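One structure is given below, encoded as structure tokens.
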Amino acid sequence: MTFETRSITKVLSANDTGETGGHQAGILVPRERRLLSFFPSLNEKDYNPRAHLKFVDASGLEWEFAFIYYNNKFFGGTRNEYRLTRMTRFIREAGLAADDEVILSRSEADEYSIDFKRKSEARPDERGVLKLGSGWKIVDMEGRR
DNA sequence: AGCCATGCACCG
DNA sequence: CGGTGCATGGCT
């Protein structure tokens with residue numbers, strides 16, 4: 001069996017929101033299996049495999065993001081990382097900025113939803129930890145290995 | 001490992 | 001022709 005991560009969050013970097021002037025249109029997803037288990041599995045043998053995912057926001061609007069595994073390292077290049085791209089429109093519409101947090105969830109029926117929490121609304125948890133690691137956090141997980 | 005950056009293709 | 005995303009390299 002595999003892990004079934006149901007909800008994760010990420011504190012946005014300046015580059016994620018476009019504040020650095022880049023047009024990357026994608027945030028990096030660490031190559032960590034519990035994080036990756038939130039997303040559909042991609043065939044890692046393919047070159048830059050991807051899946052397009054529909055996310056519903058709090059107001060019921062649908063957004064399509066792209067979950068991509070840039071793996072050209074195994075095809076003569078240097079990349080070996082996952083990204084969730086095509087979020088710029090959502091980020092702009094929501095008015096998100098660096099240090100704001102996006103919350104991604106997946107239902108029992110594998111329907112994805114997205115929400116966010118502005119920095120000003122972010123609260124430390126019971127341990128007083130506000131931001132951990134690279135900004136990603138697993139909120140809830142089901143199943144076992 | 002994670003964030004920053006960009007040439008080019010595509011599309012309105 | 002300006003904005004967006006792809007694919008990739010660079011920097012710390």
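Keep in mind it's a predicted model, so treat the numbers as computed, not measured.
Distances from the side chain of A:P30 to the nucleotides B:dG2, C:dA7, B:dT6 place B:dG2 closest. Side-chain atoms of A:R50 lie closest to C:dC6 of the nucleotides C:dC6, B:dG2, B:dC4. Among the nucleotides B:dC3, B:dC4, C:dC6, the one closest to the side chain of A:T20 is B:dC4. Closest approach to the A:R89 side chain among B:dC3, C:dC6, C:dG5 is made by C:dG5 (side chain taken as heavy atoms from C-beta onward). Listed nucleotides: C:dG5, C:dT8, B:dC4. Nearest to the side chain of A:S13: B:dC4.
When rounded to the nearest whole Å, the span between CG of A:N15 and P of C:dG5 equals 14 Å. Rounded to a whole Å, the CD atom of A:E93 is 10 Å from the P atom of C:dT4. Residue A:W63 contributes atom CH2, which lies 12 Å from atom P of C:dT4 at whole-angstrom precision. Taking atom CZ on A:R86 and atom C1' on B:dC11, their separation rounds to 13 Å, with Å as the unit. The distance from atom CG of A:D16 to atom P of C:dT4 is 16 Å, rounded to the nearest whole Å. Going from atom CG of A:L35 over to atom C1' of B:dG2 covers 13 Å, rounded to whole Å. A straight line from CD of A:E64 to P of C:dC6 spans 10 Å, rounded to a whole angstrom. The CD1-P distance, from A:I91 to C:dG5, rounds to 10 Å in whole Å.
In terms of hydrophobic clustering, with Ile, Leu, Val, Met, Phe, Trp and Tyr side chains grouped at heavy-atom distances under 4.5 Å, A:V102 and A:L53 are assigned to a common cluster.
Side chain of A:T5 to backbone of A:S7: no donor-acceptor contact under 3.5 angstrom is found.
Between A:T78 and A:I68, the residue anchored closer to the 5' end of DNA chain C is A:I68, taking for each the nucleotide with the nearest heavy atom.
By the 30° and 60° cut-offs, the orientation of the rings of A:Y82 relative to A:F67 is parallel. Under the 30°/60° scheme for interplanar angles, the aromatic rings of A:F55 and A:Y112 are found to be tilted.
Within the structure, every side-chain polar atom (N or O) of A:T88 is placed at least 4.0 Å from both OP1 and OP2 of C:dT4. Between A:N80 and the phosphate of B:dA1, there is no side-chain N or O to OP1/OP2 separation shorter than 4.0 Å. Look at A:Y70 and you won't find any side-chain N or O under 4.0 angstrom from OP1 or OP2 of C:dT8. Side-chain N/O atoms of A:K10 include one lying less than 4.0 angstrom from OP1 or OP2 on B:dC3.
Between A:R86 and A:E64 there is a salt bridge, with a side-chain nitrogen of the basic residue lying less than 4.0 Å from a carboxylate oxygen of the acidic one. Taking the charged nitrogens against the carboxylate oxygens, A:D110 and A:R6 do have a contact shorter than 4.0 Å, which makes a salt bridge. The pair A:D99-A:R118 does not count as a salt bridge, with every side-chain nitrogen at least 4.0 angstrom from each carboxylate oxygen.
Under the 3.5 Å distance criterion, with hydrogens and angles disregarded, a donor-acceptor pair is assigned to the side chains of A:S59 and A:D57.
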With the criterion being N/O to N/O and under 3.5 Å, what pairs connect the protein with nucleotides 10-12 of chain C, and how long is each?
from   : atom 1 : to    : atom 2 : distance (Å)
C:dG10 : N7     : A:R79 : NH2    : 3.3
C:dG10 : O6     : A:R79 : NH1    : 3.1

Close N/O contacts between protein and nucleotides 1-3 of chain C (under 3.5 Å):
none

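A:D16 contributes atom CG, which lies 10.5 Å from atom CG of A:L96 (distance to the nearest 0.5 angstrom).
Stacking between A:H23 and B:dT6 is present: the aromatic ring centre lies within less than 5.5 angstrom of the base six-membered ring centre, and the two planes differ by under 30 degrees.
Exactly one of A:F75, A:Y69, A:Y70 qualifies for a side chain to side chain contact (heavy atoms under 4.5 Å, CB included) with A:N48. That residue is A:Y70.
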